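Every heavy atom of this structure was used, including side-chain atoms; hydrogens, water molecules and symmetry mates were not. Remember, it's a predicted structure, so these values are computed and weren't measured experimentally.
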Amino acid sequence: MTNASASLLPGWTATLVPADGARLTQVWNGTLSTGADGTATVVNASWNGTLAPGTSASFGLIASTPATAGAPSATVTCTARAASS
């Protein structure tokens, strides 16, 4: 995640939609939740959420795929979380 804005971002979320039956099983540098359809949501950890302009954070993941699947792929969407009031 990179903050390309001119404002401080208080947090980030990445949504991953794996293809061909792949499932995320572990992440680091974030918190994972997985829907019944396999869609995974990763939110920042408590220590890497606030991003100053021009800074970035990253997370890693481990995924599993069925034996019949080819190379794993996913659609990824990243969003900034708004500051709570």
Heavy-atom side-chain contact between [X] and [Y] under 4.5 Å:
X	Y	answer
Leu16	Leu61	yes
Leu8	Thr50	yes
Cys78	Val76	yes

Could you point out which residue of Thr2, Asn3, Asn48, Leu51 forms a side-chain contact (heavy atoms from CB on, under 4.5 Å) with Ser56?
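Exactly one pass, corresponding to Thr2.
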Shortest non-hydrogen contact between [X] and [Y], atoms and distance:
X	Y	value
Pro18	Ala74	CA-CB, 3.8 Å
Ala40	Leu24	CB-CD2, 3.9 Å
Pro66	Ala22	CD-N, 4.1 Å

From CE (Met1) to OG1 (Thr79), nearest 0.5 Å:
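Output value for this atom pair is 8.5 Å.
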Report the C-alpha separation of Thr34 and Thr39 in whole Å, then their side-chain angles, then the decisive distance to 0.1 Å, and conclude whether the side-chain contact (heavy atoms from CB on, under 4.5 Å) test is met.
CA-CA 6 Å; Thr34 306; Thr39 298; over 6 Å; no
Under 3.5 Å, is there a donor-acceptor pair between the side chain of Asn44 and the main chain of Trp12?
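Such a contact is found between Asn44 side chain and Trp12 backbone.
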Hydrophobic cluster (4.5 angstrom, side-chain heavy atoms) - remaining members for Ile62
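Via sub-4.5 Å side-chain contacts, Ile62 links to Trp28.
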